[in-house]
Amino acid sequence: MHALIRATLAHTPENPFVNARALRCHHDGGLLIQDGRIVAAGDWADVRRQAADVEVTDWRPGVVLPGLVDAHVHFPQVRIIGSLGRSLLEWLNDVALPEEARMADIRYATETARLFVRALAAHGTTTALVFGAHYAGATAALFEEASRVGLRITTGLVHADTLVQEVLRQTPDRAYTDAQTLITRYHQHGRLRYAVTPRFALSNSAAMLEVCRALTTEHADVRVQTHLNENRDEIAGVARAFPDTRDYLAVYERFALATPRTVFAHNVWPTADEVARLSESGASIAHCPSSNAALASGTFPMRAHIDARIHFALGTDVGAGTGFSLLREALQAYLVQQL
Ligand code: GUN
Ligand code: ZN
């Protein structure tokens, strides 16, 4: 099965932070697809020559881009985008966590998963690292919906046993068994992957973080995602909850959760020492510029991350972020860094 598309093609096969001329654009471009895989992409005349007999799908003046990747987004928050006027801990308490508690209702959760997956696809996002729900059933609903639609989704059960409302808490034992079940059912099935997902250090006891360590150790290829250094009140709370650790990152390090398989969301307020240790660890950062502005979290120290060679990628952080468009996140990142 062949398909031949004629449109403007744009992509950045090289790192634009290293090579300022990384953008490749074919104004009159061709894309040749065979059995679901791209076999040629470039100037129309060149691609046409390789496939003279294939019927042409003419999308001019459309633009074809690679599928976008959202490195940090919360599926149970799709309906609460746009609740502005609060900082992180107030917003969690007043807006986000009450909505997340509704995911206990599997019908509501399944409908939310449908909305969420449709919203990703509608914004050109084909791959996402997603915070699941505090409930195994709702998290399974997201896996099922992503599988049905064919998106590449990495997600996991969100863990919390402190701070959050009682109805959102799990015991460490239950968290372990529910996560194991989800890993067995979904990890590495088609395009699905599992990520061990402690919500953040502030909502997890040492016992729960120990469970996260066990899951990550027992399954050598599951990913890890959580939040780090987003807001100054949050950071002060972590210091009170874990008084014997030297900084926020050290809590995750203590449970072997800062690894090359880890994506930490935000990292707006790292110390110089944390930047150096993150670089050593091989962990990556999800940079969420709309969310950082909407919650007045602060300005992401992008230059420090580039200089330390810490990998970072854009995340929308819906629903603290203001929408699903990664193009808008890229613009917001650019504008804020210009300031
Ligand atoms: N930290 C812990 N939970 C959340 C969340 O849902 N959104 C954001 N932005 N930060 C968090
Ligand atoms: Zn988040």
Side-chain angles (χ1 to χ4, degrees), residues 70-103 112 116 120 128-135 138-139 142 154-165 168-170 195-205 208-209 212 223-238 241 248-249 251-252 257 262-269 284-300 312-324 326 329 332:
D70 192 336
H72 184 70
V73 57
H74 295 252
F75 120 74
Q77 297 177 7
V78 60
R79 299 173 201 258
I80 54 158
I81 294 170
S83 270
L84 302 175
R86 295 172 177 82
S87 58
L88 173 66
L89 298 178
E90 286 172 333
W91 173 82
L92 281 173
N93 192 56
D94 298 352
V95 181
L97 296 177
E99 174 68 6
E100 297 214 15
R102 296 191 186 106
M103 301 302 145
T112 306
F116 175 80
L120 290 181
L129 176 59
V130 183
F131 260 60
H134 288 267
Y135 307 102
T139 306
L142 174 61
T154 299
T155 188
L157 179 66
V158 180
H159 299 305
D161 66 343
T162 62
L163 185 83
V164 301
Q165 291 87 323
L168 290 168
R169 294 187 193 188
Q170 309 136 0
V196 175
T197 308
R199 184 164 202 120
F200 60 161
L202 208 48
S203 69
N204 287 280
S205 68
M208 188 68 96
L209 293 170
C212 295
R223 312 319 195 238
V224 178
Q225 60 177 342
T226 187
H227 296 92
L228 174 68
N229 287 325
E230 179 175 6
N231 163 291
R232 284 193 276 202
D233 293 335
E234 169 212 20
I235 295 166
V238 171
Y248 198 157
L249 178 61
V251 178
Y252 297 128
L257 295 171
T262 306
V263 174
F264 291 115
H266 303 291
N267 205 37
V268 171
W269 299 105
S284 303
I285 301 298
H287 170 36
C288 309
S290 294
S291 168
N292 291 344
L295 296 175
S297 300
T299 302
F300 178 64
F312 60 91
L314 290 170
T316 60
D317 198 26
V318 159
T322 52
F324 281 90
L326 280 157
E329 293 300 330
Q332 176 77 12

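Counting from 1, the numbers follow the sequence of the chain as shown. Just so it is clear, the model here is predicted, and its values are computed rather than measured. Every number for a ligand or one of its atoms is a count from 1 in the order of the listing.
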Hey, is the Zn ion (ligand 2) within less than 2.8 Å of some N/O/S atom on [X]?
| X | value |
| --- | --- |
| Glu230 | no |
| Cys288 | no |
| His72 | yes |

**Message:** Is there a polar contact between ligand 1 and Gln77, counting only N or O atoms under 3.5 Å apart?
**Reply:**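 By distance alone, the answer is yes.
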**Asked** Based purely on interatomic distance, does Glu100 place a nitrogen or oxygen under 3.5 Å from a nitrogen or oxygen of ligand 1?
**Response**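 N/O-N/O distance under 3.5 Å: no.
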**Item:** Top protein contact for atom 10 (N) of ligand 1, by heavy-atom distance
**Value:**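 Here the closest protein heavy atom is Glu230 OE1, 2.7 Å.
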**Request:** Please write down residue, atom name and distance for the protein heavy atom closest to atom 3 (N) of ligand 1.
**Result:**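 Ranking protein heavy atoms by distance from atom 3 (N) of ligand 1, first comes Arg199 NE, 2.9 Å.
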**Message:** Does only the side chain of Glu234 get under 4.0 Å from ligand 1, or the backbone, or both, or neither? Count heavy atoms.
**Reply:**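 The answer is neither; Glu234 stays 4.0 Å or more away.
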**Per-residue contact class, Leu202 against ligand 1 - non-hydrogen pairs under 4.0 Å** =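 Neither; nothing of Leu202 gets under 4.0 Å from ligand 1.
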**Prompt:** Just one of His159, Glu100, Gln225 clears the side chain to side chain donor-acceptor pair (under 3.5 Å) bar with Arg199, so which one?
**Reply:**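 The option that passes is Glu100.
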**Prompt:** Is it true that the side chains of Glu329 and Ser290 contain a donor and an acceptor less than 3.5 Å apart?
**Reply:**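 Present: a donor and an acceptor within the cut-off.
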**Message:** Can you confirm if the aromatic rings of Phe300 and His266 lie within a centre distance of less than 6.0 Å?
**Reply:**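 So the answer is no for these two rings.
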**Request:** Measure from the side-chain N and O atoms of Asn204 to the backbone N and O of Leu209, and report whether any donor-acceptor pair falls under 3.5 Å.
**Result:**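 Absent.
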